[in-house]
Each structure stands twice: as C-alpha cells, then as structure tokens.
2 protein chains.
Amino acid sequence: MSEKRRTSRGSSSRSDRVPSASVRLTARDVAASLGVSISTVSRAFTENAVISEETRRMVLEEASRMGYTPDVLARSMITRRTRIAGIAVADITNPFYPEVLARLTRRLHEAGMQSMVFFADPGRNVDDAIPTLLQYKPDVALILAATLSSETTAACKRAGTPVLLFNRNVQDAQVESVTCDNLDAGRMVAEVLLGAGHRRLAFIQGLSDTSTNRDRLEGFQQGARAAGAAEPTVEAAGGFTYEGGYAALKRLMDGLNPPDAVFCANDIVALGALDAARRELGLQVPQDLSVIGFDDISMAAWPSYDLTTVRQPVNAMIQLTVEKIQALLSKDDQVPEQVFLPGRLIRRSSARLEER
Amino acid sequence: MSEKRRTSRGSSSRSDRVPSASVRLTARDVAASLGVSISTVSRAFTENAVISEETRRMVLEEASRMGYTPDVLARSMITRRTRIAGIAVADITNPFYPEVLARLTRRLHEAGMQSMVFFADPGRNVDDAIPTLLQYKPDVALILAATLSSETTAACKRAGTPVLLFNRNVQDAQVESVTCDNLDAGRMVAEVLLGAGHRRLAFIQGLSDTSTNRDRLEGFQQGARAAGAAEPTVEAAGGFTYEGGYAALKRLMDGLNPPDAVFCANDIVALGALDAARRELGLQVPQDLSVIGFDDISMAAWPSYDLTTVRQPVNAMIQLTVEKIQALLSKDDQVPEQVFLPGRLIRRSSARLEER
DNA sequence: TTGAAAGCGCTAACAA
DNA sequence: TTGTTAGCGCTTTCAA
C-alpha cells in the first residue's frame with residue numbers, strides 16, 4: 001500500500017482554484033452603501049451603544065446582506081478585550097481533560113468568549129506554553145493542569161492577565177482556583193475502606209508534586225490516622241498514566257506488605273492497576289483487592305472496569321469558573337479566592353465497601 | 001460535605017490584590033529608551049527586514065530587558081497574517097481526537113503557529129463553530145471532524161480562509177484533505193478475515209453520513225465481494241460511541257444471522273462491541289467472534305481489550321497537514337489535493353487472523 | 001541603513 | 001441620535 005494523491009488537475013477549470021483572499025468588507029463599505037457614517041455602523045454592532053432601534057436594524061440588515069462582520073482584531077485593539085480565554089492544558093492523554101475541555105469551551109462560547117487552547121508538551125509542564133499564550137492578550141488565562149510553576153503566575157501578573165486555576169491550587173492563596181475538595185475526598189475514601197474492614201491501605205501516586213496528588217494522598221493519610229489504622233503504603237506510578245498504575249500495582253503486590261485496598265491518584269492510574277491485578281496477577285477484584293480511582297471518567301463505568309471512584313463535580317466546577325471569569329472581566333480588582341467543591345463517591349464493583 | 005471558599009481576606013495586604021492591567025509596553029517605549037525610531041524597533045522583530053545586525057541585537061536586548069514583545073494583534077492588522085490555525089473539532093469523546101490534537105498543535109507551534117480550537121456541540125456537527133472561527137481571521141481552517149456540510153467550506157471560501165480537512169474528505173475534490181486510505185483499509189480487513197476462514201462478516205456503523213464510515217464500509221464490502229463471500233451484515237451504532245457499539249453487537253448476535261467476525265467503524269465502537277460480547281453475551285473472543293476496530297487509540301492496546309485494529313498513520317498525516325498549511329501560506333493559489341495515506345493492521349488477540 | 005508618515009479597521013470621546 | 005476626529009500598536013512605503 002502506498003500514498004495516493006488525487007487532484008482535480010485533469011479536469012481543471014477556473015472554479016477549481018482556491019480564490020486568494022476575497023474582497024475585505026469593512027465598516028466603511030457598509031456605511032457608504034447606506035449613506036451613514038462608520039460610527040453608526042460600529043454602534044449597530046455594539047451592545048448598549050446609543051443608537052435608534054430603527055437605524056440599528058437597518059444597518060444590521062444591510063451588513064448581513066453584504067456579508068459584513070466587524071473585525072474582532074481591530075476591535076480588540078481599542079476595547080482591550082479580546083474575548084479570548086487562553087487555556088493551557090497538560091496531559092491531554094488523561095481523558096478527564098478532553099471531557100472538561102469540551103464542556104468548558106462550550107460554556108465559554110455561550111458566554112460570548114472564544115477559547116484558544118495550548119497543549120503543553122508531554123512530560124514538560126504547562127509553563128512553556130504561557131509566553132505564547134500571553135502574546136494573544138487573552139482576557140483570562142485558564143490553567144487546566146496539575147503542575148505549574150509560580151514563575152508562570154508571575155508572568156501572567158506582569159502581563160496584566162488574570163489567572164484562574166482549574167483542578168489545581170497553590171498554597172499562598174494569591175491566585176484564583178476552582179478544584180474538587182481533594183483533601184476531604186481522600187479522607188472519605190480512607191474512612192469507607194476502613195469501615196468495610198480493609199486493613200492494609202495503599203496509595204498509588206501520579207505525580208507527587210501536583211496539588212491534586214498531594215491533597216488526595218494527604219486526606220487519605222489523615223483518614224487512616226483518624227481511624228487509628230496503619231499508615232498507608234505509598235507507591236509511585238511515575239505519572240498519571242495507565243502504564244504507571246499497572247507497574248505500580250505489581251510492585252505493591254510483590255512487596256513485603258501487599259495491600260487489600262488501593263486508592264489511586266486518578267482513574268487512568270486505577271484502570272492500569274485494575275488490569276494488572278486482574279489480567280496479570282490473576283487477582284479477584286474486589287474479593288482479593290479493592291481498587292478506587294478519582295475523576296469518574298466515562299471509561300470508569302464501562303463493564304470491563306466498573307470502577308469505584310470519586311466523581312469530580314465537573315459541571316459545577318465549570319459553572320463556577322465561567323462565573324469567575326465574568327466577574328474578573330467586569331470588576332478589575334478582586335480578592336483571589338480558592339473554591340473547593342465536594343467530590344462524590346460512585347460505588348461500583350471494583351471495591352468492597354460493605355463489611356463481610 | 002459542602003462548598004468551601006478560602007480567601008486571603010483575613011490577612012489582607014496590598015500585595016494580595018490582583019493588579020489591574022499593568023503598564024502596557026509598546027514599541028514606542030523601547031524606541032524612546034534607545035533613542036531610535038519605532039520603525040527600527042519593528043524591523044528588529046521582523047525577519048528579513050533591512051536592518052544592521054548590530055542595531056537588531058541592541059534592540060532585541062533592550063526589549064527583552066524591558067519585557068517588551070510586539071503586539072501580535074496589531075501586527076496582524078497590517079500583515080494580514082494571524083498565525084492562527086482555527087481548528088474545529090467534533091466528537092472529542094473519541095480519544096482519537098485528543099491524541100491527534102495534542103500532537104497537531106505541538107507541530108503547528110513548532111512551525112510558528114497558534115491553534116485556536118473550537119469544539120462543536122455534541123450531536124450537532126462542526127458547522128456551527130465556523131462563523132466564530134472565521135471572525136478571528138485564522139490563516140487556515142482545519143476541520144477535524146467526520147461530518148461537515150458543504151455550506152461550511154463555502155463560508156470559508158467567501159471569507160478567503162483556506163480549508164483543510166483532516167480525517168475527512170469530500171467527493172468533489174474542491175478542498176484539500178489528508179486522510180487514511182479508509183477504502184483500502186476496509187478491503188484489507190475483509191480479505192484478512194475471510195482468509196482466516198470467517199464466513200459471516202458484519203460491519204458496525206458509527207455515523208453513516210461520514211466519509212470515514214462510508215469509505216471503511218465500502219472497502220469492506222468490496223473486499224467481501226472480490227472474495228466471492230456473502231455480503232456483510234450492516235448494523236448501526238447510531239454514533240461513534242462505546243454505548244452504540246455495545247448495543248449494536250447485541251442486536252447483531254440476537255439476529256437471524258449472527259456474524260463470526262465484526263469490523264467496527266472505529267475503536268470506541270469496537271471496545272463497546274467487545275465488552276458486549278464478553279461481559280454480557282459470554283462469548284469467547286476470538287474463538288466465537290473476531291472483532292476489529294479502526295484508529296489504534298491507546299486503549300486498544302490495554303490488556304483488557306487487546307484490540308486488533310487498523311492504525312491510522314497519524315504522525316505522517318500531521319506532518320503532511322503542517323506542510324500543506326505552510327504551502328498554503330506561501331503561495332496563495334493552489335490546486336486542492338486529497339491525500340490518502342495507508343493504514344496498517346495491528347494484530348492483537350481480539351481477532352483470529354490465522355486459518356484454524 | 002534609518003526615520004517620518006500614512007494607514008490597517010475599528011471604537012470612543014467630543015461636537016453638533 | 002448622529003457625525004467628526006483622534007488614536008489603538010504596529011508595519012511599510014517613501015525619502016533622506
């Protein structure tokens with residue numbers, strides 16, 4: 001098999017050629033055609049502008065007839081509003097992010113904003129994408145990523161671009177964030193597992209330097225401590241990946257103190273752990289081992305996995321994010337706020353949650 | 001559990017407040033600081049501009065010291081180049097697209113372009129996103145979607161924005177496209193399945209009005225016909241979804257003529273079909289039934305599935321796409337070309353491909 | 001090789 | 001309610 005190319009060269013005709021940039025319509029053209037000033041045309045397209053309803057209707061009609069739309073770039077130069085949300089995403093291989101991204105951009109679009117998405121290189125963190133992101137002067141920088149340096153937020157501050165963290169938060173309360181209450185969720189998972197009679201807990205880390213990972217682990221440890229249970233074993237997956245979870249679970253079970261319940265930093269890690277347990281080690285889940293994930297990505301519900309997991313309140317998180325952006329754009333001074341929304345345990349068959 | 005908010009109100013200090021848009025540095029500032037004209041500053045940042053190496057170095061140095069970068073928006077107004085690739089994506093729930101998107105935006109970025117991503121509403125096709133996409137005057141519109149109306153390409157043509165289809169093509173050869181050779185791959189799958197002794201072929205459709213679906217099915221049918229085999233049964237999943245594939249497989253097996261081999265329109269559909277076969281119908285795969293997918297998303301390789309599938313040559317497709325974009329931007333007249341790259345069968349355990 | 005001046009398409013004072 | 005005018009920050013002729 002080899003590459004094929006099909007062109008219309010054979011039966012070429014005039015219409016086959018892509019026209020090189022058609023005529024550019026400007027407000028001046030519409031104005032001339034109507035015998036009004038360009039300001040009038042501009043006003044017709046500006047909300048809350050002082051213009052008679054009649055004139056506006058006339059202008060808009062003629063504009064749409066001619067096929068004119070205002071140039072958003074030229075407009076932005078003056079209004080200092082690009083209506084662009086610069087979104088930096090890392091780790092797109094985690095299905096949680098595409099799911100969030102799709103809903104988030106849709107809600108932003110409904111709120112009259114466009115999304116400019118920047119994907120960070122895998123392995124590296126999101127910071128490298130920020131300078132280019134800032135070049136387009138987005139009205140807000142949205143960080144959908146687990147890792148992030150403080151240099152990045154500083155760069156945004158310097159550029160005067162407000163930053164909003166999604167599914168991530170920093171210690172110093174200097175920057176807005178919307179996350180799931182990972183700490184509390186971790187605690188709850190420990191409680192529930194211990195309540196069902198599990199005795200040897202373990203946690204599989206994604207990236208240890210991310211806030212999500214850290215908070216989930218810390219909550220888990222707090223929960224174990226509060227119940228007077230043994231300290232959970234901690235094993236590193238080396239990243240939020242299926243392969244990492246797979247390998248980490250094998251190491252755990254081969255260790256000196258194999259767990260009877262594993263809480264994973266997120267669903268992708270948990271799916272890897274599940275497959276290692278069932279397909280490679282031949283364990284019965286949840287009889288031999290309980291596995292719990294985090295996020296509730298759509299695959300968690302698939303019958304091959306049927307993963308018990310903590311569902312992030314994604315819709316509420318997105319709703320709040322959009323509201324925060326709108327607030328940022330109206331008032332320009334604001335006290336940064338970190339919001340934590342409660343996660344919810346979704347009980348499926350990968351974990352034994354009743355005493356036996 | 002309830003929502004928590006944490007602010008720094010308690011220990012509020014001056015530095016807690018987000019600064020409202022810091023000073024805006026312009027070329028004028030750099031020029032003044034150096035005692036040169038703004039044209040000189042501009043030239044320093046323009047490739048191939050007539051300027052002495054020494055002056056350029058001096059300007060760039062001072063600029064970086066001050067933290068100045070040219071305003072890309074203002075620049076675009078004059079150059080008529082935004083360096084933005086407007087990317088419209090539908091169906092982000094199919095993991096194939098995030099994987100492509102991540103790599104594509106990275107390669108575009110290396111080529112000096114930014115990606116503005118627009119997600120179409122689920123269910124609806126990508127067309128609704130196009131008008132807003134065009135507003136930002138992208139240098140090229142990239143369509144990553146299975147469905148697309150001809151009205152959309154017309155709108156782009158009118159706006160003077162070149163269009164490039166990825167993983168999609170239209171009949172009339174009027175628009176550039178880069179796809180896998182779906183027809184040929186479909187043929188190959190039929191051949192291989194029939195060669196291994198399967199007798200009752202079936203195809204599970206995603207969306208019947210998409211070019212990918214159509215070509216894969218048509219190739220499959222051609223292959224069956226060429227081998228003198230019975231016409232494959234066709235069942236509709238109602239969309240490229242896991243749930244659709246799951247339900248479609250059950251209907252197929254409950255039907256009058258249950259197949260011994262199923263070719264699915266893509267991997268997500270195939271994973272649903274696999275789970276239905278194994279988890280619900282208790283079938284042995286591949287002894288009772290062979291299942292083949294399309295795309296080779298990362299999950300296809302997971303041990304729980306180990307899906308035999310046709311791998312799309314994603315890297316080559318992306319490479320070609322970026323090259324085409326660069327060509328589009330240099331020459332403005334071009335004969336549209338449709339490129340088909342060969343897919344490759346990845347043999348895993350979900351299909352019996354040897355005669356027994 | 002550099003600078004002065006004229007816009008790109010638009011919005012927002014300011015007048016009328 | 002509308003029109004006139006002055007820019008937004010930049011690139012690009014044209015002259016020097």
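What's counted below: heavy atoms across the whole structure, side chains too, no hydrogens, waters or symmetry copies. Each chain gets a letter, A, B and so on, in the order its sequence line appears, and its residues count up from 1. Computed from a prediction, not measured in an experiment: that's the story for all the values here.
Between A:Phe118 and A:Tyr136, the ring centre distance reaches or exceeds 6.0 Å.
In this entry the distance linking CZ of A:Arg28 with C1' of D:dG3 reads 14 Å, nearest Å. A straight line from CZ of B:Arg81 to P of C:dG9 spans 16 Å, rounded to a whole angstrom. As rounded to whole Å, 15 Å separates atom C1' of C:dC8 from atom CG of A:Leu25. The distance between atom CD1 of A:Ile78 and atom P of C:dC8, rounded to the nearest whole Å, is 14 Å. Between the CG atom of A:Leu73 and the C1' atom of D:dT11 there is a distance of 15 Å, given to the nearest Å. For the pair A:Asp71 CG and C:dC10 C1', the interatomic distance rounds to 8 Å; values are reported in whole Å. Taking atom CG on B:Asp29 and atom P on D:dC10, their separation rounds to 9 Å, with Å as the unit. Taking atom CD1 on B:Ile38 and atom P on C:dA4, their separation rounds to 9 Å, with Å as the unit.
Ion pairing between B:Arg57 and B:Glu54 fails under the 4.0 Å rule for side-chain N and carboxylate O. Ion pairing of B:Arg107 with B:Glu323 is absent here, as no side-chain N (NZ or NE/NH1/NH2) approaches a carboxylate O to less than 4.0 Å.
Phosphate proximity of C:dT2 to B:Thr40: absent, as no side-chain N or O sits under 4.0 Å from OP1 or OP2.
No donor-acceptor contact under 3.5 Å links the side chain of B:Thr55 to the base of C:dT1. Put simply, the side chain of A:Thr79 and the base of C:dA12 share no donor and acceptor less than 3.5 Å apart.
Contact annotation for A:Arg80: backbone-only contact, meaning every heavy-atom pair under 4.0 Å involves sugar-phosphate atoms and none involves a base. If you check every strand for non-hydrogen atoms under 4.0 Å, B:Ser39 touches a base. Among the atoms of the strands shown, only primed sugar atoms or phosphate atoms (P, OP1, OP2) are found under 4.0 Å from some heavy atom of B:Val36. Residue contacts shown for A:Ser52 are limited to sugar-phosphate atoms, with no base heavy atom under 4.0 Å away. Looking at heavy-atom distances under 4.0 Å, B:Tyr68 makes contact with sugar-phosphate atoms alone, never a base.
When the nucleotides D:dT12, C:dC10, C:dG3 are ranked by their closest atom to the side chain of A:Thr26, C:dC10 comes out on top. Of the candidates C:dC10, D:dT12, C:dT1, the closest approach to any side-chain atom of B:Val50 belongs to C:dT1. Nearest to the side chain of A:Arg43, among D:dG9, D:dT4, C:dC10, sits D:dT4.
Of all non-hydrogen atoms in A:Ile130 and A:Ala88, the two that sit nearest each other are CD1-CB, 4.3 Å.
For B:Thr69 and A:Ser37, each mapped to the nucleotide of DNA chain D holding its nearest heavy atom, the one lying further toward the 5' end belongs to A:Ser37.
Checking side-chain atoms of B:Asp139 against main-chain N and O of B:Thr82 turns up a donor-acceptor pair under 3.5 Å.
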